[in-house]
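Worksheet: one structure, shown below.
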Amino acid sequence: MNPSDLIEGGAAALEARFGKAFPKDVIVLGSGLGRFADTVTDAVRVAYADIPGFSRSTVVGHSGNLIVGKAAGVPVAVMQGRIHAFEGHPPQAIVAPIRILRRLGVERLILTNASGGLKPHMVPGTLMLIEDHINFSGFNPLVGPNDERIGPRFPDMTDAYDPKLRALLTQAAREASVEVKSGIYMFALGPNFETAAEIRMYAALGADAVGMSTVPECLVARHCGMKVAGISVVTNLATGIATRPLSHEETLAEAAKAAEKLASLLQRFVQLL
Ligand code: HPA
């Protein structure tokens, strides 16, 4: 299917299900952070397999459901499970869901992820509001022919993470009594965890946390005119700072521990939008 047919097909399928009144806010849940989805009320769950353009993640800890309902009484959609560049899907798999949601009128994309802390104070359990990112991966889902109807060839990345949304996240954190830090997210392609030398370099380049997601979605969302917010849940100190080898099991376990705090923050945040 050509890319615009895929977007039309996906949008038509979701419109058939939800009508024209699709929520304006979509929250993407990262590895092990599915807890927030359980707090959604009046939830209608659609498997990615039933939506053209939505591919299923192959990563443990990522189910593949779009959930539409209410969080703290506010209409939201939740993507439970995401596609990563390292899975080897074509870039369309990352691009299509976001453009489909944009076609349905979604205005804000709230991205969450699990990451490794690059600074000693970025300890496991830290919630880091993403201030900005560094794309150090060599991967960019916008590579290829550009459809000017969707967005410009050379999209601007000033305020990639919307300052107003960041301010509201800070306010929500205060009101929900959830401690947050702020920092720069480094996108590494993965799937291996980094070497200690890479981690020293990323820290020297000004990043505070490293992970394997979020940046591709941010690029696609900014390109098509959505506002983006990002919250990174630090699940471990990065290689060389950590005192033991890293594992995906540890990521999932630490993410699950922090998921409750993240859910409280998001509940308050959506009320402020
Ligand atoms: N590196 C990259 N991605 C991650 C990490 C890490 O240390 N922890 C969780 N996701």
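Just follow the structure's listing: the first ligand is 1, and inside any ligand the first atom is 1. Atoms considered below: every heavy atom in the structure, side chains included; atoms not considered: hydrogens, waters and symmetry mates. Each residue takes its place number in the sequence, starting with 1.
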Please state which protein non-hydrogen atom is closest to [atom] and give its distance, to 0.1 Å?
| atom | result |
| --- | --- |
| atom 5 (C) of ligand 1 | Gly116 N, 3.4 Å |
| atom 10 (N) of ligand 1 | Ala114 O, 3.4 Å |
| atom 2 (C) of ligand 1 | Glu194 OE2, 3.2 Å |
| atom 3 (N) of ligand 1 | Gly211 CA, 3.4 Å |

Salt-bridge contact [X]-[Y] (side-chain N to carboxylate O under 4.0 Å):
| X | Y | value |
| --- | --- | --- |
| Lys261 | Glu179 | no |
| Lys20 | Glu15 | yes |
| Arg149 | Asp147 | yes |
| Glu260 | Arg35 | yes |

field: For ligand 1, the portion of Asn236 having any non-hydrogen atom under 4.0 Å away
entry: side chain
field: Side chain, backbone, both or neither: the part of Thr251 lying under 4.0 Å from ligand 1 by heavy atom
entry: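 Looking at Thr251 and ligand 1, just side chain atoms fall under 4.0 Å.
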query: Would you call the rings of Phe22 and Phe18 parallel, tilted or perpendicular, where under 30° means parallel and over 60° means perpendicular?
result: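 Because their plane-to-plane angle is over 60°, the rings of Phe22 and Phe18 count as perpendicular.
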Interfacing atoms of ligand 1 (cut-off 4.0 Å, heavy-atom, [X]):
| X | result |
| --- | --- |
| Thr235 | 8 (N), 9 (C) |
| Leu246 | 7 (O) |
| Met212 | 2 (C), 3 (N) |

- request: Please check if the side chain of Asp42 supplies one atom and the backbone of Gly69 the other of a donor-acceptor pair under 3.5 Å.
  value: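 Judged by distance alone, no pair lies under 3.5 Å.
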- request: Kindly say whether Ser213 contributes a backbone atom to a donor-acceptor pair with the side chain of Tyr185 at under 3.5 angstrom?
  value: yes
message: Heavy atom to atom 4 (C) of ligand 1, shortest distance: which of Thr239, Asn192, Val210, Leu237 holds it?
response: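 Minimum heavy-atom distance to atom 4 (C) of ligand 1 goes to Val210.
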query: Under a heavy-atom criterion of less than 4.0 Å, does Ala188 contact ligand 1?
result: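 It does not; every heavy atom stays at 4.0 Å or beyond.
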message: Show the nearest heavy-atom pair for residues Met79 and Phe54, with the distance to one decimal.
response: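 For Met79 and Phe54, the tightest heavy-atom pair comes out as CE-CE2, 4.0 Å.
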